[in-house]
Amino acid sequence: MDTSPNEGHIIVHEDYPSLAAAVARLRAAGRSVALVTTMGALHSGHQELIRQASRDGRTSVVVSIFVNPLQFGPHEDFTRYPRDLETDVAKSREAGADLVFAPSVDEMYPSGGAGVVTIVPGPLGDELEGRSRPGHFAGVLTVVGKLLNMVKPDRIYFGEKDYQQLVLVRSMSVDLNMGVEVIGVPTRRDPDGLALSSRNRYLTCEQRTAALALSQALKAAAAAASGGPRASLEAAHEALAVQPEVVPDYVELRTANLAPYSGGTDARLLIAARVGTTRLIDNAHLSFPETS
């Protein structure tokens, strides 16, 4: 079914056949197709992905809005995850999207939760975020894989804030011969440095102030990078320790592909922490001297 409740020229597709027909019409008109996958609760970071996807003027952008139950653990916030389709569609339209795909759980998983065939992310899926959220990346890759099969885009866009997700989707595209270009877009931040996230709305004013410790830790690590990896890690831990309400889960240096870091001039520092009951992540590229 297609619906268009006051969304101007953008059409919301709720089922795969109508989506596929709409994408086919775009292809017939000579358009390339880009996909931006979201769970709704759109913010300016999502809108930047849409703008990047549509910037050449020859690309039509499909935005998916689907709160994916497979990527939530038993004690995570699936039921309270914010849902406001009308607002999300308006923000998609404002940023330049052409189509919105907003399926139900039954549309995405017609065989039901117990019968879903999933994509196994490999060893990296059990590290970092996967260590704290078992099964999370199987859920992410499964829904992204399904959406890629449905839309068949030329390109798909992800924010670098969810860096592990970006790396795993790139690996999936290559390993499963999906033929889609996976593009990472730099993390969007509020003026004070906090990385934009749909979960930021769960923070109280005091917790939001405390959460700035994550971005401040990344800045401190970058400032200390001339002293090498150990100095960067020490600086990051010290910055996090300033805020007792911030409880780190991990602070790790990895390579660009998230292999264990064992030396070299380039690394990715990844941080996860709880602020109250809200779990936040952030990351940054670091450059070390040649002698590191």
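Please read these numbers as outputs of a predicted model, since none were measured by experiment. Throughout, residue positions are numbered sequentially from 1 according to the sequence presented.
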Asks: Using the rule that two of Ile, Leu, Val, Met, Phe, Trp, Tyr join whenever any of their side-chain heavy atoms come within less than 4.5 Å, decide whether V105 and L141 are in one cluster.
Replies: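 Linked, V105 and L141 end up in one cluster.
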
Asks: Between the main-chain N or O of R133 and the side-chain N or O of H136, is there a donor-acceptor pair closer than 3.5 Å?
Replies: no

Asks: Going through the checks in order, is the side chain to side chain contact (heavy atoms under 4.5 Å, CB included) test met by V62 and V33?
Replies: CA-CA 7 Å; V62 178; V33 176; 4.1 Å; yes

Asks: Search all heavy atoms of G159 against all heavy atoms of L49 and return the closest pair with its distance.
Replies: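 Smallest heavy-atom distance, with atoms named: N-CD2, 3.7 Å.
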
Asks: Establish, from distance only, whether the side-chain atoms of S60 and R31 form a donor-acceptor pair under 3.5 Å.
Replies: yes

Asks: Spell out, yes or no, whether F158 and V174 are grouped together once hydrophobic residues are joined by side-chain heavy atoms under 4.5 Å, including indirect joins.
Replies: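 In one cluster with F158: V174, no.
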
Asks: Have N68 and Y109 got a donor and an acceptor in their side chains that come within less than 3.5 Å?
Replies: yes

Asks: Between P289 and G228, which heavy-atom pair has the shortest distance, and what is it?
Replies: CD-N, 4.4 Å

Asks: Has R230 got more than 12 heavy atoms of other residues, nucleotides or ligands less than 6.0 Å from its CZ?
Replies: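 It does not: R230 CZ has 12 such atoms or fewer within range.
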
Asks: Take a 6.0 Å sphere around CG of N257 and say whether it holds more than 12 heavy atoms from other residues, nucleotides or ligands.
Replies: no

Asks: Once rounded to the nearest 0.5 Å, what's the spacing between atom CZ of F288 and atom CG of L286?
Replies: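 Between atom CZ of F288 and atom CG of L286 there are 4.5 Å.
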
Asks: Minimum heavy-atom separation for I119 to G145, with atom names?
Replies: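 Shortest heavy-atom contact: CD1-CA, 4.2 Å.
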
Asks: Can you name the closest pair of heavy atoms from A41 and D88 and give their distance?
Replies: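 Looks like N-OD2, 3.1 Å.
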
Asks: Is L214 reachable from L194 through a run of I, L, V, M, F, W or Y residues, each pair having side-chain heavy atoms under 4.5 Å apart?
Replies: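 Per the 4.5 Å side-chain linkage, L194 and L214 are not co-clustered.
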
Asks: Taking atom types as modelled, is there a side-chain donor on S18 or H13 under 3.5 Å from an acceptor on the other?
Replies: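 The criterion, which ignores hydrogens and geometry beyond distance, is satisfied for H13 and S18.
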
Asks: Ignoring hydrogens and angles, tell me if any N or O in the side chain of D84 forms a donor-acceptor pair with the backbone of T87 under 3.5 Å.
Replies: yes

Asks: Is the closest basic N to carboxylate O distance between E252 and R131 below 4.0 Å?
Replies: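 A salt bridge links E252 with R131.
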
Asks: Does any N or O in the side chain of S173 come within less than 3.5 Å of the main-chain N or O of V180, such that one atom is a donor and the other an acceptor?
Replies: yes

Asks: Test side chain to side chain contact (heavy atoms under 4.5 Å, CB included) on T255 and D266; report intermediate values, then the result.
Replies: CA-CA 7 Å; T255 68; D266 293 301; over 6 Å; no

Asks: Around atom CZ of R58, are there more than 12 heavy atoms of other residues, nucleotides or ligands at under 6.0 Å?
Replies: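 It does not: R58 CZ has 12 such atoms or fewer within range.
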
Asks: Strictly below 4.0 Å, N to O, side chains only: are K161 and D282 in salt-bridge contact?
Replies: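 Here K161 does not pair with D282 in a salt bridge, since their nearest N and O are not under 4.0 Å apart.
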
Asks: Answer yes or no: is there a donor N or O on one side and an acceptor on the other, between the side chain of S232 and the main chain of A221, under 3.5 Å?
Replies: yes

Asks: Using the side chain to side chain contact (heavy atoms under 4.5 Å, CB included) rule, take V143 and Q71 through it: C-alpha gap first, then chi angles, then the decisive distance, then the call.
Replies: CA-CA 9 Å; V143 76; Q71 66 192 72; 4.0 Å; yes

Asks: Starting from the C-alpha separation in whole Å, work towards a yes-or-no answer on side chain to side chain contact (heavy atoms under 4.5 Å, CB included) for L148 and L35.
Replies: CA-CA 8 Å; L148 288 174; L35 174 62; 4.2 Å; yes

Asks: So, are R27 and D154 salt-bridged, with charged N and O less than 4.0 Å apart?
Replies: yes

Asks: With rounding to the nearest 0.5 Å, note down the distance linking CD1 in I11 to CG in D98.
Replies: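 Rounded to the nearest 0.5 Å, the CD1-CG separation comes to 10.5 Å.
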
Asks: What closest approach, in Å, do E127 and Q164 show between heavy atoms, and which atom pair accounts for it?
Replies: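 The answer is O-NE2, 2.9 Å.
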
Asks: Would you compute the distance between atom OG of S262 and atom CG of L253 and round it to the nearest 0.5 angstrom?
Replies: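 S262 atom OG to L253 atom CG measures 11.0 Å (nearest 0.5 Å).
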
Asks: Mind checking who shares a hydrophobic cluster with V67, ILVMFWY linked at side-chain heavy-atom distances under 4.5 Å?
Replies: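 So far as hydrophobic clustering goes, V67 is joined with M39, F72, F78, Y81, Y202.
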
Asks: Spell out, yes or no, whether L196 and Y163 are grouped together once hydrophobic residues are joined by side-chain heavy atoms under 4.5 Å, including indirect joins.
Replies: no

Asks: Side-chain contact test, heavy atoms from C-beta onward, threshold under 4.5 Å: evaluate it for L85 versus I65 and give yes or no.
Replies: yes

Asks: To the nearest 0.5 angstrom, please state how far the CD1 atom of I50 sits from the CG atom of L42.
Replies: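 With rounding to 0.5 Å, CD1 (I50) is 5.5 Å from CG (L42).
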
Asks: Quick one: does L70's side chain get under 4.5 Å of V116's, heavy atoms only?
Replies: yes

Asks: Is it the case that one hydrophobic cluster holds both L124 and V144, taking links as side-chain heavy atoms less than 4.5 Å apart, direct or via other members?
Replies: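 Yes, because L124 and V144 connect within a single hydrophobic cluster, where side-chain heavy atoms sit under 4.5 Å apart.
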
Asks: First locate atom OH of Y157, then atom OG1 of T37, and finally report the distance between them rounded to the nearest 0.5 Å.
Replies: 13.0 Å

Asks: Is R208 salt-bridged to D190, cutoff N-O under 4.0 Å?
Replies: yes

Asks: Please set out all donor-acceptor pairs under 3.5 angstrom arising from side-chain atoms of residues 236-245, sequence neighbours excluded.
Replies:
from	atom 1	to	atom 2	distance (Å)
E245	OE2	Q207	NE2	3.4

Asks: Between E129 and Y250, does any side-chain donor sit less than 3.5 Å from a side-chain acceptor?
Replies: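 Checked: E129/Y250 side chains pair up, N/O donor to acceptor below 3.5 Å.
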
Asks: Would you say R55's side chain and Q52's backbone share a donor-acceptor pair under 3.5 angstrom?
Replies: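 Checking the backbone N and O of Q52 against the side chain of R55, a donor-acceptor pair under 3.5 Å is found.
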
Asks: Nearest 0.5 angstrom please: S132 OG to R274 CZ, how far?
Replies: 8.0 Å

Asks: Just by distance, with hydrogens left out, do T59 and S32 show a side-chain donor and acceptor under 3.5 Å apart?
Replies: yes

Asks: What's the shortest heavy-atom distance between V246 and P248, and which atoms?
Replies: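 Closest pair (atom of V246, atom of P248, distance): O-CD, 3.4 Å.
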
Asks: Do I271 and N283 have side chains that approach each other closer than 4.5 Å (heavy atoms only, starting at C-beta)?
Replies: no

